Each structure stands twice: as structure tokens, then as C-alpha cells.
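Below: the structure, in C-alpha cells.
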Amino acid sequence: MKNVYITSSGIYLPNKPISNDKIEEYLGKINGQKSAVKERILKQNGIKQRYFAMNTKQESTHSNAQLAVKAIEKAMGKSTLSNKEIELLSTGTTQADLPVPGFASMVHGGLDWGTCEVASFQSVCASSMMALKNAYVQIKGGDKQNAVCVGSEFASRLFKASRFEAQKMKSVPFDTEFLRWMLSDGAGALVLENKKSTKGISLKIEWMDIKSHANTFPVCMYTGKNDNKNESEQTWLDYPNYESASKAGAINLKQDVRLLTKVVQTGVGHYFELIDKGMINPKDIDWLCCHYSSEYFKKPIKDLMEKGGGGISEEKWFSNLTSKGNTGAASIFIMLEELMYSGNLKEGQSILCMVPESGRFITSFMKLTVVGEHDEIQKGYPIREIEAPELDINEDKVSQWLVRNLSRVWIDFESNLLKVPIVEKIHNKTLRIEDYKLLLIDLRQQVIDGSQWISRAASNIDIELFDLRSAFIKHTAAEHKDYQMLEQNFENLGEDISKIQSGEKNIGSMGLSSFMFQQASKPNPIDLLGAMFIIEGIGKRLAAHWGTMIKDQLGLNEDQVSFFTYHGVADEKHFENLEKALNHPLMHMGLAKEIVKTAKTTALLYEMQLKELGNY
């Protein structure tokens with residue numbers, strides 16, 4: 001997997017900054033009357049100036065796509081890439097200029113570029129994070145070497161006085177009036193590459209996490225209908241004509257302000273989930289770029305963080321809401337651009353980005369690390385050639401088929417493991433001590449079941465197959481020692497052993513253990529030799545290798561990693577017992593197929609166990 005870096009950024013804020021006392025000159029006074037709530041809303045949101053892509057005649061000076069194009073041109077001007085080299089354009093906006101085609105196509109059409117892949121994301125504030133994650137995963141996975149991501153908004157034209165006057169409104173409902181003094185226009189663009197910039201600092205994307213909570217909450221910020229509590233209400237396209245939809249107010253942008261406290265609570269709840277997973281350590285955060293629509297919401301966010309023990313001190317918060325305005329999807333990119341070129345970033349610093357969306361409740365987070373053009377990128381450990389553990393068994397047709405197919409299962413299994421986050425961290429030298437402790441906690445809950453399912457399997461093997469039963473029983477004694485060694489490693493890390501003993505299985509371990517006990521409870525569960533092939537193969541081929549890398553990068557002692565390093569030697573003997581069992585004279589093709597299927601299932605469930613660390 002490739003590292004992904006933000007190597008340059010650019011913004012475009014149209015026309016001249018507009019102070020609060022000039023806003024109505026641009027948006028217009030509805031029926032010639034000043035707004036009765038404007039001053040109160042402006043006092044709460046704290047915005048001092050903003051930018052509109054229209055003039056005092058309420059005429060558009062740009063399109064939304066043009067704002068995006070100009071931000072991209074600014075970002076590309078700071079990049080070493082040429083326009084023709086860009087492989088992906090990923091865009092996010094709340095409302096494009098046209099319903100059809102996609103926003104990315106319109107932006108691409110305005111650029112002097114060659115052909116490239118495009119992706120359009122439409123939501124509210126989180127649409128830019130969705131677009132960014134699309135670019136991030138494509139580069140990380142090696143499908144692309146670079147990408148440009150842009151978030152752009154042109155909200156002001158939705159609030160022109162002429163729109164409301166045409167609806168014969170004497171006063172605008174608060175759910176729309178509120179937004180009239182909150183939103184403004186602008187665009188921000190990021191250039192992403194699989195290598196650092198040679199022109200200055202870059203921001204390495206460590207991870208991104210986006211969650212929708214639409215299954216829990218009603219619509220909060222919307223256009224196209226009038227009642228956010230009526231799911232079956234007709235939308236603007238269901239009216240007899242566009243004029244009647246407009247007169248009914250169905251095309252006005254609205255926000256149910258009573259739900260906004262829930263947005264704050266949900267966003268902070270997601271923050272604590274990431275802390276619990278070990279993805280965020282508040283003490284390690286140097287900068288917090290939090291997109292909030294109003295200064296009014298900053299204190300509740302901070303208070304909830306501090307109340308839960310995850311507070312981030314005031315001097316680490318960065319926002320330009322007051323000077324740049326609330327530009328929705330563009331806000332986080334406009335924020336990052338200012339911070340990136342502020343001269344205040346230092347190599348090695350961590351930046352946490354938090355972008356909640358009120359549309360129907362989306363919360364999104366991203367962690368960045370500041371890297372410089374001259375700092376060394378830590379090289380990971382070399383990836384060994386993938387090969388299956390060698391099986392020394394009979395050379396008859398059934399045994400040969402069994403070896404071939406178990407080897408294929410293993411190759412797929414080990415290849416897939418290299419893509420699992422915890423294994424990636426071990427190989428990339430990005431493993432933290434918290435990651436290792438979590439790995440031990442979650443492995444212990446499944447390992448302790450090992451001797452139990454093997455014992456159950458042995459008890460269900462007929463006496464006529466005594467030698468097979470014996471192979472299972474010998475394996476049980478070894479498994480019993482494993483979890484004790486694992487617990488001792490955890491305690492030697494300075495942790496209370498009761499913490500690991502009282503842990504619970506993650507959802508992958510639940511699946512693995514449930515499957516093992518189910519199979520072990522059947523009469524003559526010889527197919528579990530396939531499970532033993534996978535589990536003993538991990539010990540023989542992977543555990544000691546992982547243990548050596550963990551010990552090296554974390555600077556640990558042998559008694560803190562011995563659960564892993566011990567298996568490299570001990571599992572040679574275990575594997576000999578497995579080979580003897582596979583050499584049983586009663587082996588036939590039907591049984592061989594069952595063994596392979598169980599091996600394949602065990603591999604998938606073991607992979608899931610490692611993927612779901614911390615997910616209980």
C-alpha cells in the first residue's frame with residue numbers, strides 16, 4: 001500500500017470580502033425590509049466577513065464550476081505536476097450548477113487538462129471529505145499515482161431577495177432565514193500524490209473515517225421539500241410544474257435548527273469512538289481543524305470533548321470561519337490551505353480534521369502528519385515472497401490434491417493479510433504500542449478458546465481413529481500454554497493483567513470461535529485439520545516474523561513479544577503432528593475437500609479477526 005500526501009493546495013474566494021453591514025446590499029432586502037433576525041444570527045456565528053460570487057444586482061459573477069476551476073489552478077500552480085499528468089479529479093459540492101451532468105464533468109470541462117477519471121460527490125459539508133477519501137483510497141491502493149480533489153460552494157444565489165418575493169412571502173421562515181446569514185461562497189482544492197512534494201512541506205494522510213447517521217435522524221438541512229418529518233412528502237420534482245414547487249417554497253434551502261445540538265453530540269460521539277479504537281490520542285494532536293458552521297457551536301463541542309476526557313487545548317484549534325465565512329464543503333480545504341502555508345507547521349506534527357454535516361447527519365474525521373521535503377520517510381520492512389508452509393505428506397493423488405489446494409488457500413490468505421491495517425502497520429514501521437496492546441487483548445480472547453475446541457473435537461473422534469484423536473490431544477496441551485504466555489507479555493508491557501483477562505471477543509473472533517466450536521461438535525470432525533493448517537501455519541511462517549518486526553520497531557524485550565517469537569520454533573513440532581494426521585491411511589477425496597473448505601473458512605475468519613480489532 002502506498003503513502004498518500006497532500007502536496008499542494010489552493011483556494012479561490014470570489015470578488016472582494018463583504019462585511020456584515022454590506023450583506024443585504026448583495027442578497028437584497030426582501031420586500032424592501034431589513035431582516036429582523038440578521039444581527040442576532042451574525043452575533044452568534046461570529047463571522048466578520050465573507051465572499052459572494054455575485055454583485056449587488058444579485059447577478060452571478062461566476063458559476064460554481066468556475067470557482068472550483070480557479071481553486072484547482074491555484075493548487076496546481078504550487079505543484080510540480082503538470083495539468084496533463086493528473087489521473088483523477090474528485091469533486092464535492094452541495095448543489096452543482098446543473099442537475100445533469102455531474103459536477104466533476106463540468107469542472108473538468110473548464111480545465112486545460114487531458115483525459116482523466118472523474119468522480120462527483122453531492123452532499124453538504126462532508127461531500128468534500130467523501131471526494132477526498134475517494135482520491136485517497138485510489139492512490140493508497142496503487143490504482144492512481146496522483147489526484148486533484150476540490151470542494152466548492154455557491155450558496156448565495158439561493159438567498160436572493162427576488163426568490164422570496166416571487167413566492168409572495170412577507171417574511172422568510174426562520175429555518176431559511178438562519179442560513180441566509182450563515183453561508184457564503186468559495187472553493188478549495190488539494191493535490192494528492194503517492195510521494196512528498198519537493199517544494200516544501202506535505203501533509204501525509206494517515207487515515208479517514210466517515211459515518212452516516214441517517215438511519216437514526218431525520219433530515220436536518222435540505223431543499224426540495226417542506227417538511228423534514230414527513231418522509232413520504234412529495235418533492236419538488238413531483239409538483240405539477242416548477243413554478244408551483246417554487247411558490248410552495250419547496251426549492252428553498254432550509255435547516256431545522258432544533259436538531260443542531262444533536263449534530264454536535266453525534267460528531268463528538270464519533271470522536272470518542274476513534275479514541276477507543278486507538279486511532280486518536282488527544283495528547284498527540286498538535287492542530288485541530290474543526291469545521292463548525294458558527295462560533296456558537298465551538299464551546300459545546302469543546303465542553304463535550306473535555307467532559308469525556310478527550311479535550312484538546314484552545315491553542316491547538318484552528319479555524320478561519322470568521323474571516324473566510326462558512327463555505328460548506330469547501331471550508332475544510334480552505335482551512336487546510338491557510339494552515340499549510342502559514343509557516344506555523346513543523347515536521348512531525350499531527351493535524352486532526354473534523355467535519356460534521358447536518359444534512360442528514362454525517363460525521364467525518366481525517367488525521368494528517370506534517371512531513372518535510374528533506375525528512376526521511378521511514379522505510380518499512382521488506383515484504384517476503386509469499387509461499388505456503390511446506391507439507392511433507394504422502395505422494396498419492398489425494399494427498400497431492402490436498403497439498404495443492406491447501407497451498408492455494410494459504411497464498412490467498414497471506415496475500416490478504418498484507419492488506420489488513422494492523423499487519424500493514426507492522427510491515428510499514430508505523431505500529432504504535434497502543435496498537436500492539438490492542439492486538440494482544442483481542443488475540444487472547446480467541447486463543448484461550450483454542451485448547452477448548454481442540455479438546456471437544458478430540459472427544460468426538462471415534463476410538464477407531466485413535467491416532468487422529470491423539471494428534472488433537474497433543475495439540476491441546478500446546479494451545480493451553482499459548483494464552484498464558486500472551487497474558488504474561490501483556491503484563492510485561494506494564495499493563496494490569498486483569499484488563500486482558502476481562503476483555504471480550506471482537507466480532508471477527510466471535511465468528512472464528514463460533515465456527516470452530518460448531519465444527520468440533522460434529523462426529524469425527526477431521527476437517528478441522530484444515531483449521532489447524534491455517535493456525536499452525538501462522539505460527540510456523542508468520543508469528544515469529546511479526547514478533548521480530550514488532551520487537552525491533554517498538555524497542556521491546558523478548559519477554560514482551562515471546563508469544564509471537566516462540567511459535568517460529570515450537571510450531572515446527574506442531575506442524576509435524578499435523579503432517580502425521582494428514583498422512584492417515586483413511587484419507588480420501590471427500591474428506592480432503594472438507595479439510596480444504598474448513599481451511600478456507602478459517603482463513604477468512606482469522607483475517608476478519610485482525611481487521612476488526614477493537615470492534616466489539
Side-chain angles (χ1 to χ4, degrees), residues 2 4-14 51 53-54 60-157 185-195 197 205 208 210 327-334 336-337 355 364:
K2 305 291 185 180
V4 184
Y5 303 92
I6 299 170
T7 54
S8 69
S9 60
I11 67 170
Y12 184 73
L13 300 168
Y51 296 79
M54 62 181 187
S60 298
T61 57
H62 304 74
S63 68
N64 195 2
Q66 287 171 342
L67 298 178
V69 166
K70 288 183 177 293
I72 291 169
E73 289 173 345
K74 296 277 189 180
M76 290 299 296
K78 303 170 190 173
S79 173
T80 58
L81 294 171
S82 71
N83 291 346
K84 306 300 182 183
E85 292 179 283
I86 301 301
E87 299 177 356
L88 169 67
L89 171 64
S90 193
T91 67
T93 190
T94 301
Q95 192 166 33
D97 304 298
L98 304 176
V100 179
F103 187 57
S105 295
M106 298 306 295
V107 175
H108 186 211
L111 292 163
D112 182 24
W113 285 11
T115 57
C116 67
E117 181 178 332
V118 298
S120 302
F121 290 84
Q122 184 276 320
S123 194
V124 191
C125 304
S127 61
S128 58
M129 291 288 274
M130 297 174 191
L132 182 57
K133 187 163 187 180
N134 173 53
Y136 165 66
V137 297
Q138 290 213 46
I139 296 173
K140 190 166 187 65
D143 191 50
K144 300 287 188 293
Q145 297 186 69
N146 61 65
V148 169
C149 187
V150 65
S152 185
E153 299 283 24
F154 188 176
S156 63
R157 57 187 171 184
D185 309 333
L190 308 176
V191 177
L192 278 64
E193 299 181 65
N194 60 5
K195 57 185 178 181
S197 171
I205 302 178
M208 297 186 70
I210 302 174
T327 51
S331 290
I332 190 65
F333 292 176
I334 290 173
L336 282 173
E337 189 273 347
V355 182
S364 55

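Note that the structure is a prediction, hence the values are computed from the model and not measured.
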From [X] atom [atom1] to [Y] atom [atom2], the distance as rounded to the nearest 0.5 Å:
X: L336; Y: I11; atom1: CG; atom2: CD1; answer: 11.5 Å
X: N194; Y: T7; atom1: CG; atom2: OG1; answer: 10.0 Å
X: F121; Y: L132; atom1: CZ; atom2: CG; answer: 10.0 Å
X: L88; Y: L192; atom1: CG; atom2: CG; answer: 9.0 Å
X: E193; Y: I86; atom1: CD; atom2: CD1; answer: 7.5 Å
X: H62; Y: M54; atom1: NE2; atom2: CE; answer: 13.5 Å

Kindly write out the residues that satisfy side chain to side chain donor-acceptor pair (under 3.5 Å) with [X], not counting sequence neighbours, or none if the list is empty.
X: S90; result: N134
X: S123; result: E357
X: S128; result: none
X: T80; result: none

Side chains of [X] and [Y]: does their closest heavy-atom pair fall under 4.5 Å?
X: Q145; Y: I139; answer: no
X: C149; Y: F333; answer: yes
X: Q95; Y: N64; answer: no
X: L67; Y: P14; answer: yes

Between the main-chain N or O of [Y] and the side-chain N or O of [X], is there a donor-acceptor pair closer than 3.5 Å?
X: T91; Y: V150; answer: no
X: N146; Y: E85; answer: yes
X: S60; Y: S63; answer: no

Those residues that, when tested against [X], pass side chain to side chain contact (heavy atoms under 4.5 Å, CB included) (two or more places apart):
X: Q122; answer: none
X: V355; answer: C125, M129, H291, I332, S364
X: S9; answer: L190, E337, M340, Y341

*What salt bridge (Lys or Arg N to Asp or Glu O under 4.0 Å) pairs are there with at least one residue in residues 63-75, not counting sequence neighbours?*
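Residue pairs with at least one partner in residues 63-75: there are none.
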_By the salt bridge (Lys or Arg N to Asp or Glu O under 4.0 Å) test, which pairs, at least two apart or in different chains, include something from residues 88-99?_
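Applying salt bridge (Lys or Arg N to Asp or Glu O under 4.0 Å) to every pair that reaches into residues 88-99, excluding sequence neighbours, yields D97-R157.
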Nearest atoms (heavy-atom pairs only) where [X] meets [Y]:
X: G92; Y: A329; value: O-CB, 4.2 Å
X: L81; Y: S79; value: N-OG, 3.0 Å
X: L13; Y: G186; value: CD2-CA, 4.0 Å
X: A330; Y: A187; value: CB-CA, 3.8 Å
X: A189; Y: A75; value: O-CB, 3.9 Å

List the atom pairs, with distances to 0.1 Å, where a side-chain N or O of residues 100-118 and a protein N or O form a donor-acceptor pair under 3.5 Å, not counting sequence neighbours.
unit_1: H108; atom_1: NE2; unit_2: G114; atom_2: O; d: 2.9
unit_1: E117; atom_1: OE1; unit_2: K144; atom_2: NZ; d: 2.7
unit_1: E117; atom_1: OE2; unit_2: Q138; atom_2: NE2; d: 3.0

